[in-house]
Amino acid sequence: MTTVQQANLLGGRALREGLRTPESLAPTLFIPVFFLVVNFGQAGRIFPSSTTDFLYGQTYAAFQLPSSLLLAASFGSAALYLVEDIEGGYFDKLRASPVSRSALVIGRLLAEGVKGVVITAVLLVIALPFGVSVASGVVGVVLLLVLTALWGVVFGGFMQLIALKSRSAAATNAGGLVFFPLLFLTPNFVPRELLTRPMEIAATLNPVTYVMEALRSLILQDPQWDVLTRGFGIVGVLGVIMVALNVRLVRSYD
Amino acid sequence: MVYEEPGTLAVQASGLAKHYRGRAGTVEAVRGVDLRVTAGEVFGFLGPNGAGKSTTVRMLTTLMTITAGTARVAGLDVAHDPDGVRRRIGVALQEAGLDPRQTGRELLALQARLFGSTRAEAATRAQELLVLLELEDAADRRIKGYSGGMKRRLDLASALVHEPEVLFLDEPTTGLDPASRLTVWDEVRRINGRGTTVFLTTQYLEEADQLCDRIAIIDAGRIVRQGTPAELKAGLRERRGLAVDPTLDEVFLDATGRTRERVAGEVQEVTA
């Protein structure tokens, strides 16, 4: 059996796990929608679509949606299930099987990617009443789903690293909070060129900025390939790093 | 079977050691263990808490790196061919390694597929094991609702999906009621009767006496006694000039220098 087949089997099991705990999906949807509603409610009149160039004719909710998508993809529940597996002994059962160490890591990340696609699709539908549409069309919607899901895989990989290293749900949860500063050190409320200089520097150094800008370009404009290349490049590089670090950690796991 | 020289050994360890680096310095959990388990026997590995039983099992089952020494299981070197070893062993650890959100049937089928069975083969094997371990009625219920005894039997079943040559059972009856314990004993006998070597760790001396062909007692990371239960009892009787054979409890206490407390029920437990 190949590593890919094993990863698919373990990914299927992780998806079943998610489906059987729908309550864990509630915050994944509720909190991003909450931020979308609140931020749109507070700043929607400051940035009217008719006079705000960076909205390209859409509402401010369209500008805010990428933040909510990234937030939804950054809950990293897979890592908490991994901690449960470790604490309950099932992870050792899998490690004592002839399963590729890469499959042990990638299986859960595949499931995280699938969950990312579903959650993104749901959030896009929820955003419709706020006047949001995807300007880049069907191709744009597909790219939006893929990019958000890939970010979910990257962040899931980061959370799994904490889970494997700490073997503790509390530490893994705390590690997830790292995302909040990263989310706010971005052009979250206005484009990068309108930020103050220190914030602009921080946003430029923050990889989340490029993923957010790629998502935003898909929602507001026709495909901007240079922006998309940067966004996909960031998740590609970070994804490879996360998988490599995870596999290395599982191989040396005692 | 792929047993190599010396022919019939299912488990062979030589100078096996595990050292950890902790804040208080290096901890020597296992300090040069030598073991030879013959294919087809039930081998008992006894010791008080913290003696190094589970650490030794984790090294033999590829779950933990080996600091020093060598180990061969089912004829293969554990450090050099861990995947080969994993294909030939079944493992049921102290903590029943189950996924509470899957059903018993799903768990067994997944385990079989990870060992290379097709979907159809995995479904058939899962059904066979569910019948064998009397879990058929609960097969399609989620594992989180299983009793302790059912979980233990399912864990055992999941260790058997690929018909392993060597089965490692780490304290398989700890925490079970007497009836469940006897059921597990019956299973161990039945599995061994079909030719599977069983490497069993336990703190229950009656369990070792009932099930094991040979036993080794480990204390503070070193093997302090090894032999058949009868040999160990006879050795102590001779050494102390006793009129009758001592119990395995007395052998254990003599070997480890521990105190004894009798635990209510039909099984005696020895604690450090």
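Per chain, numbering begins at 1; letters A, B, ... match sequence-line order. Bear in mind that the values here come from a model prediction, so they are computed numbers and not experimental data.
Looking only at distances, a side-chain donor or acceptor of A:Ser68 sits under 3.5 Å from a matching main-chain atom of A:Pro32. The backbone N or O of B:Leu63 lies less than 3.5 Å from a partner atom in the side chain of A:Arg95, making a donor-acceptor pair.
Counting only heavy atoms from C-beta outward, the side chains of A:Met242 and A:Leu161 approach each other to under 4.5 Å. Looking at heavy atoms from C-beta onward, A:Leu144 lies in side-chain contact with A:Leu69 at the 4.5 angstrom threshold.
The contact between A:Arg101 and chain B is made entirely by side chain atoms (from C-beta outward), counting heavy-atom distances below 4.5 Å. The part of A:Tyr81 that comes within reach of chain B is its side chain, from C-beta onward, which places non-hydrogen atoms under 4.5 angstrom from that chain. With a 4.5 angstrom heavy-atom cutoff, B:Leu114 touches chain A via backbone and side-chain atoms both. For B:Gln94, no part lies under 4.5 angstrom from a heavy atom of chain A. With a 4.5 angstrom heavy-atom cutoff, B:Leu93 touches chain A only via side-chain atoms.
Salt-bridge formation is not detected for the pair A:Asp85/B:Arg101: no Lys NZ or Arg NE/NH1/NH2 atom is positioned less than 4.0 Å from an Asp or Glu carboxylate oxygen. By the 4.0 Å N-to-carboxylate-O rule, A:Asp92 lies close enough to B:Arg58 to be salt-bridged with it.
Using a 3.5 Å distance cut-off with no hydrogens or angles, the side chains of A:Thr186 and A:Asn206 do not pair a donor with an acceptor. Side-chain contact check for A:Gln160 and A:Glu112: no donor-acceptor pair (N or O, by modelled atom type) lies under 3.5 Å. With 3.5 Å as the limit, one finds a donor-acceptor pair spanning the side chains of A:Ser97 and B:Gln111. Between the side chains of B:Glu165 and B:Thr196, no donor-acceptor pair of N or O atoms lies under 3.5 Å.
For A:Phe35, there are no ring-ring contact (aromatic ring centres under 6.0 Å, His included) partners, not counting sequence neighbours. Judged as a salt bridge (Lys or Arg N to Asp or Glu O under 4.0 Å), and not counting sequence neighbours, the contacts of B:Glu128 are B:Arg125.
Interface remark: of the candidates B:Gly116, B:Gly97, B:Ala92, B:Gly97 forms the most heavy-atom pairs closer than 4.5 Å to chain A. Contact count versus chain A (heavy atoms, under 4.5 Å) is highest, among B:Arg86, B:Glu95, B:Gln102, B:Glu106, for B:Arg86. In terms of non-hydrogen atom pairs under 4.5 Å with chain A, the most contact-rich of B:Met59, B:Arg87, B:Lys18 is B:Arg87. Listed options B:Leu98, B:Asp99, B:Thr65 were ranked by heavy-atom pairs under 4.5 angstrom with chain A; first place goes to B:Asp99. Highest contact tally toward chain A, considering only B:Thr62, B:Val91, B:Ile89, is held by B:Val91 [criterion: heavy-atom pairs under 4.5 Å].
The aromatic rings of A:Phe155 and A:Phe179 sit perpendicular, their planes meeting at an angle over 60°, well past the 30° parallel limit. Using bins of under 30°, 30° to 60° and over 60° for the plane-to-plane angle, the ring pair A:Phe184/A:Phe180 lands in the parallel bin.
For a heavy-atom cut-off of 4.5 Å, chain B lies close to A:Gln6, A:Leu9, A:Leu10, A:Arg13, A:Arg16, A:Glu17, A:Arg20, A:Thr21 in residues 5-29 of chain A. Using a 4.5 Å cut-off between non-hydrogen atoms, the part of residues 146-162 of chain B that approaches chain A consists of B:Asp155, B:Ser158, B:Ala159.
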